[in-house]
*Asks:* 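For reference, the structure I am asking about is given below.
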Amino acid sequence: MTDAKPAPIIDLRKVAMAFTKPSGEKLPIVANIDIAIEDGEMLGLLGRSGSGKSTLLRIAAGLIRPTEGEVIYDGKALTGPEAGIAVVFQTFALYPWLTVLQNVVLGLDALGLPLGEARRRAEAAIDLIGLDGFQSAYPRELSGGMRQRVGFARAIVSAPKLLLMDEPFSALDVLTAETLRTDFMDLWAGGALATKGVLMVTHNIEEAVLMCDRILVLAPNPGHIAAEIKVPLAQPRNRLDADFHTIVDEIYSILTSRMTEALGAQSRIKGGLVQQLPPVSPNRLGAFAEALAAPPYAGTAELAKIAGPLALSSSDILAIAAALHLLEFAEFAAGTIKLTASGRIFAQSDTDGRKRLFKEHLLRFVPLASHIRQVLDEREGHIAPRARFEFELQDHLHPADAETTLRVVIGWGRYAELFTYDDRTRSFGLPA
């Protein structure tokens with residue numbers, strides 16, 4: 001008789017989350033999610049913005065309650081924050097008036113330890129994470145990487161059973177992120193942490209393959225699990241290994257396939273008026289198109305192969321690909337991007353030529369931009385409040401995604417000189 005399989009550290013069962021629209025209807029964010037983290041496992045949640053990654057992490061942390069389903073942690077239903085669960089956030093989230101030691105001691109507040117014991121544990125965590133000697137420093141005295149190390153120390157000081165990480169390296173420069181990522185993996189793989197399981201949210205494909213034992217690829221509208229990928233590579237992992245690249249290419253292929261499906265689905269809602277726009281500037285689109293049109297790519301490239309030479313993260317290049325696809329300057333499938341005829345002209349044009357072509361495509365292929373222009377043309381005084389369009393978007397998008405989409409369309413419209421925007425009055429207008 002074999003031993004029964006141990007229960008997962010945390011188990012999200014048929015979890016769904018919805019927010020209320022301004023109209024009073026429910027807007028689904030994630031639906032029918034099953035996630036179980038086993039003892040000794042690092043699980044990655046990977047997907048584009050709007051797929052519900054951070055929402056799921058906050059549900060796992062007990063910070064928000066799902067509207068459907070249940071979360072089982074340590075054998076019982078999770079109804080709120082638990083002492084055995086710690087979170088490392090994307091931003092440093094430190095108290096600027098407290099020293100490094102005082103910030104880390106805060107991670108022990110819930111345990112009610114005597115001050116001496118709390119201080120001893122905090123100093124041990126600070127030493128473990130590589131900040132020994134900086135106990136009396138204030139956050140303003142530290143670099144970004146050191147501040148994030150304080151965040152890690154505060155999370156691990158309570159010896160959590162489950163560690164949740166919400167894009168913990170994304171706010172750092174490339175070299176600092178690589179150093180901190182490597183140091184954390186040395187601690188994890190070397191058994192220096194009391195933590196039994198890790199759930200990490202990331203936009204970065206290579207980061208997920210470098211760190212995780214298993215990756216769940218999420219797709220949006222509403223967020224759901226599109227694919228599960230196991231990473232059977234020994235630690236430490238080498239980015240140059242052929243097996244590593246095979247997994248990276250597979251994920252790019254899955255994400256681009258799901259992205260084209262999502263973009264197509266959004267284009268059918270209200271005629272594409274509430275299409276979520278990727279946060280990429282027109283100048284960056286032009287620079288990428290120019291690089292793609294030049295040798296050695298000649299207009300066609302695998303996203304995984306062009307990202308490195310252009311120093312782009314996977315999240316950046318996927319956003320650029322999505323924007324070029326929406327504007328019909330490029331098409332992509334199975335992890336490959338190809339400039340259209342218009343995209344080649346866009347890449348080869350001077351500044352004025354690019355702006356004229358961008359304006360033409362913005363009007364033709366981004367319904368929100370043409371809608372704003374039409375409203376302005378029809379209104380007396382040619383002015384419209386931002387709220388006029390905000391409410392329309394929030395009926396179909398999460399408020400944060402609606403805010404991002406408005407910010408993007410403002411930038412695109414300004415670049416194309418299609419309309420103006422006054423942030424003081426929060427209103428759109430026509431160019432003089």
Side-chain angles (χ1 to χ4, degrees), residues 48-49 205 219-221 249 251-269 271-373 405 408-409 411-418:
R48 58 185 291 234
S49 178
I205 294 173
N221 305 316
D249 290 345
I251 297 174
Y252 265 110
S253 182
I254 292 169
L255 283 174
T256 52
S257 173
R258 297 295 177 175
M259 198 155 58
T260 51
E261 290 176 13
L263 293 174
Q266 284 188 323
S267 70
R268 293 188 289 272
I269 301 173
L273 187 62
V274 293
Q275 174 80 61
Q276 188 175 341
L277 302 180
V280 188
S281 72
N283 287 324
R284 199 169 202 196
L285 293 176
F288 179 85
E290 191 174 340
L292 182 57
Y297 309 110
T300 305
E302 292 180 44
L303 292 176
K305 299 294 190 294
I306 195 173
L310 297 184
L312 293 170
S313 69
S314 54
S315 58
D316 287 339
I317 201 166
L318 286 168
I320 289 169
L324 289 173
H325 178 83
L326 279 174
L327 291 159
E328 299 212 3
F329 287 136
E331 53 192 22
F332 60 90
T336 298
I337 186 167
K338 180 180 180 180
L339 289 175
T340 61
S342 294
R344 290 179 181 274
I345 296 171
F346 180 66
Q348 295 162 3
S349 296
D350 61 16
T351 301
D352 289 339
R354 278 187 186 175
K355 292 183 77 163
R356 284 193 299 271
L357 189 57
F358 192 89
K359 181 177 182 178
E360 177 187 329
H361 280 239
L362 190 58
L363 281 168
R364 288 177 60 193
F365 304 119
V366 181
L368 177 59
S370 58
H371 175 56
I372 291 172
R373 178 62 191 238
T405 292
V408 172
V409 82
W412 289 6
R414 281 171 164 167
Y415 173 82
E417 298 182 42
L418 186 62

*Asks:* Between L255 and I205, does the side chain to side chain contact (heavy atoms under 4.5 Å, CB included) criterion hold? Intermediate values first, please.
*Replies:* CA-CA 10 Å; L255 283 174; I205 294 173; 3.7 Å; yes
*Asks:* Under 4.5 Å between any side-chain heavy atoms of Y252 and L318, yes or no?
*Replies:*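 Yes, at least one pair of side-chain atoms sits under 4.5 Å.
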*Asks:* Which pair of non-hydrogen atoms, one from S349 and one from G353, has the smallest distance, and what is that distance?
*Replies:*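 Closest approach of S349 to G353, heavy atoms only: CB-C, 3.9 Å.
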*Asks:* Look only at the side chain of R344 and the backbone of A298, and say whether a donor-acceptor pair between them is shorter than 3.5 Å.
*Replies:*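 Checked: pair present.
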*Asks:* Out of curiosity, R354 CZ to E290 CD, how far, rounded to the nearest 0.5 Å?
*Replies:*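 Between R354 CZ and E290 CD, I get 4.5 Å after rounding to 0.5 Å.
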*Asks:* Apply side chain to side chain contact (heavy atoms under 4.5 Å, CB included) to the pair F288 and I337, showing each step before the final yes or no.
*Replies:* CA-CA 11 Å; F288 179 85; I337 186 167; 4.0 Å; yes
*Asks:* So Y415 and L362, do their side chains get closer than 4.5 Å, heavy atoms only?
*Replies:*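 They are not in side-chain contact.
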*Asks:* Could K355 and E417 be called an ion pair, given the rule that one side-chain N must be under 4.0 Å from one carboxylate O?
*Replies:*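 Between E417 and K355 there is a salt bridge, with a charged N closer than 4.0 Å to a carboxylate O.
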*Asks:* Let me have the donor-acceptor pairs involving side chains of residues 277-284, under 3.5 Å, with sequence neighbours excluded, atom names and distances please.
*Replies:*
unit_1, atom_1, unit_2, atom_2, d
S281, OG, R284, N, 3.2

*Asks:* Looking only at non-hydrogen atoms, find the nearest pair between L303 and I317 and report the distance.
*Replies:*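 Taking L303 first and I317 second, the nearest heavy atoms are O-CD1, 3.5 Å.
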*Asks:* Please list all pairs meeting ring-ring contact (aromatic ring centres under 6.0 Å, His included) that have one or both residues in residues 334-356, counting only residues at least two apart or in different chains.
*Replies:*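 Sorted pair list: F329-F346.
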*Asks:* Output the distance between atom CD (E331) and atom OG1 (T300), rounded to the nearest 0.5 Å.
*Replies:*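 Answer rounded to 0.5 Å: 8.5 Å.
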*Asks:* Considering all heavy atoms of both residues, which atom of A323 and which atom of L285 are nearest to each other, and what is their separation?
*Replies:*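 In this case the closest contact between A323 and L285 is CB-CD2, 3.7 Å.
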*Asks:* Taking the side chain as every heavy atom from C-beta outward, state whether T405 and Q275 have any pair of such atoms under 4.5 Å apart.
*Replies:*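 Result no, sub-4.5 Å side-chain heavy-atom pair not found.
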*Asks:* For F365, what residues pass the ring pair (Phe, Tyr, Trp, His ring centres under 6.0 Å) criterion, not counting sequence neighbours?
*Replies:*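 Once residues adjacent in sequence are excluded, the partners of F365 under the ring pair (Phe, Tyr, Trp, His ring centres under 6.0 Å) criterion are H361.
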*Asks:* Going from CG on L324 to OG1 on T340, what distance comes out if it is rounded to the nearest 0.5 angstrom?
*Replies:*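 Taking CG in L324 and OG1 in T340, the distance rounds to 8.5 Å.
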*Asks:* To the nearest 0.5 Å, how far apart are CG in D316 and CD1 in I320?
*Replies:*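 CD1 of I320 is found 6.0 Å from CG of D316.
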*Asks:* For S313 and S315, test the side chains for any donor-to-acceptor distance below 3.5 angstrom and give the result as yes or no.
*Replies:*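 The criterion, which ignores hydrogens and geometry beyond distance, is satisfied for S315 and S313.
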*Asks:* Where is the tightest heavy-atom contact between A289 and L339, given as atom of each residue plus distance?
*Replies:*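 Taking every non-hydrogen atom into account, O-CD1, 3.7 Å.
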*Asks:* So, T256 side chain and G335 main chain: donor-acceptor pair closer than 3.5 Å or not?
*Replies:*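 Yes, T256 side chain to G335 backbone: donor-acceptor pair under 3.5 Å.
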*Asks:* In terms of heavy-atom contacts, does NZ of K338 have more than 12 from other residues, nucleotides or ligands at under 6.0 Å?
*Replies:*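 No, NZ of K338 has 12 or fewer neighbouring heavy atoms, counting only those of other groups under 6.0 Å.
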